[in-house]
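Inspection log for the structure reproduced underneath, given as structure tokens.
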Amino acid sequence: DGGITQSPKYLFRKEGQNVTLSCEQNLNHDAMYWYRQDPGQGLRLIYYSQIVNDFQKGDIAEGYSVSREKKESFPLTVTSAQKNPTAFYLCASSIPPGPSGVRDTQYFGPGTRLTVL
Amino acid sequence: QQPVQSPQAVILREGEDAVINCSSSKALYSVHWYRQKHGEAPVFLMILLKGGEQKGHDKISASFNEKKQQSSLYLTASQLSYSGTYFCGTASRSSNTGKLIFGQGTTLQVKP
């Protein structure tokens with residue numbers, strides 16, 4: 001079955017540590033995204049990548065880094081520079097937009113809940 | 001820039017109807033609706049691509065008023081399984097990045 005997997009499901013981090021969240025997809029999608037969700041709030045875009053070896057900052061990229069070395073994988077590193085990293089992190093993928101605009105939706109992984117101790 | 005959803009929360013009895021609105025200050029090309037259960041990933045419901053387009057799935061349907069830059073999600077004869085938080089994601093015209101901008105969500109609770 002095609003889909004998106006994220007690991008781990010729960011992650012605990014001490015202050016000052018960097019942690020990496022995994023996101024893998026076998027949907028053959030070119031575009032991938034990372035979102036952060038805080039309690040009672042919507043989804044805020046951290047980074048996105050439309051193609052391998054290329055990625056752009058979203059609305060809240062400070063304190064985060066990503067890489068896109070393979071089409072299937074888009075790991076997110078939460079660095080010690082992120083002041084308030086406790087949140088639910090969601091990865092998504094989609095087919096890139098056509099010439100007219102966004103015609104295909106994004107499909108989400110199950111998420112990683114990160115807690116800073 | 002973030003679309004505004006209304007209401008913020010709704011409580012229904014089984015069998016009642018609800019409408020959730022999503023309004024944008026920007027011209028929209030497409031609107032995407034998702035439902036999220038607590039602690040889970042958002043699940044895609046439907047996408048509306050053209051002004052005036054209406055789509056339906058079972059007893060959940062949606063409309064897209066391009067002129068008003070607004071979309072509405074209609075839940076009829078609600079079931080317990082409809083409970084969750086509903087998000088709209090919007091894409092503006094000429095968006096060539098695939099980015100969606102999500103509203104803050106509307107929490108729907110259906111009671112027996």
Side-chain angles (χ1 to χ4, degrees), chain A residues 3-6 9-10 23 25 27 29-51 54-61 74 87-115, chain B residues 1-6 8-9 20 22 24 26-51 53 55 57 62 64 66 71 84-109:
Chain A
I4 302 175
T5 57
Q6 291 185 241
K9 188 174 177 65
Y10 298 96
C23 177
Q25 55 97 1
L27 299 168
H29 286 169
D30 284 308
M32 297 186 75
Y33 310 84
W34 273 107
Y35 293 92
R36 170 184 172 136
Q37 187 175 34
D38 294 283
Q41 297 190 30
L43 307 171
R44 293 186 290 168
L45 183 64
I46 305 172
Y47 269 97
Y48 63 102
S49 168
Q50 292 181 270
I51 198 167
D54 185 49
F55 49 83
Q56 288 81 39
K57 294 181 179 180
D59 300 320
I60 55 166
F74 192 39
F88 188 47
Y89 290 87
L90 287 160
C91 177
S93 70
S94 72
I95 300 171
S100 301
V102 180
R103 299 183 62 84
D104 292 283
T105 195
Q106 295 178 14
Y107 295 91
F108 286 85
T112 292
R113 189 167 297 280
L114 173 64
T115 302
Chain B
Q1 192 174 1
Q2 179 184 31
V4 177
Q5 290 185 230
S6 62
Q8 287 191 334
I20 299 172
C22 174
S24 174
K26 299 182 70 171
L28 299 177
Y29 177 77
S30 61
V31 180
H32 308 231
W33 285 98
Y34 291 83
R35 178 173 59 214
Q36 184 181 30
K37 302 280 186 178
H38 182 70
E40 299 179 7
V43 174
F44 170 68
L45 294 176
M46 62 188 75
I47 179 175
L48 300 108
L49 292 172
K50 294 183 285 187
E53 184 176 33
K55 280 198 169 184
H57 177 71
F64 180 13
E66 191 177 4
S71 177
T85 301
Y86 290 79
F87 292 98
C88 65
T90 60
S92 59
R93 286 192 176 278
S94 72
S95 171
N96 61 355
T97 63
K99 286 172 56 177
L100 295 178
I101 301 175
F102 288 89
Q104 81 279 19
T106 295
T107 301
L108 177 71
Q109 184 179 4

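A donor and an acceptor atom, one from each side chain of A:Y48 and A:Q106, are nowhere located under 3.5 Å apart.
No part of B:Q5 comes within reach of chain A, as not one of its non-hydrogen atoms sits under 4.5 angstrom from that chain. Heavy-atom distances place both the backbone and the side chain of A:L43 under 4.5 Å from chain B. Interface residue A:Q37: only side-chain heavy atoms are found under 4.5 Å from chain B. Of the two parts of A:R44, neither the backbone nor the side chain holds a non-hydrogen atom closer than 4.5 Å to a non-hydrogen atom of chain B.
For the pair A:R113 and A:F88, the cation-pi test (distance below 6.0 Å, angle within 45°) is passed.
Aromatic ring centres of B:Y34 and B:F102: separated by under 6.0 Å.
Within a 6.0 Å radius of CD in B:Q8, no more than 12 heavy atoms belonging to other residues, nucleotides or ligands are found.
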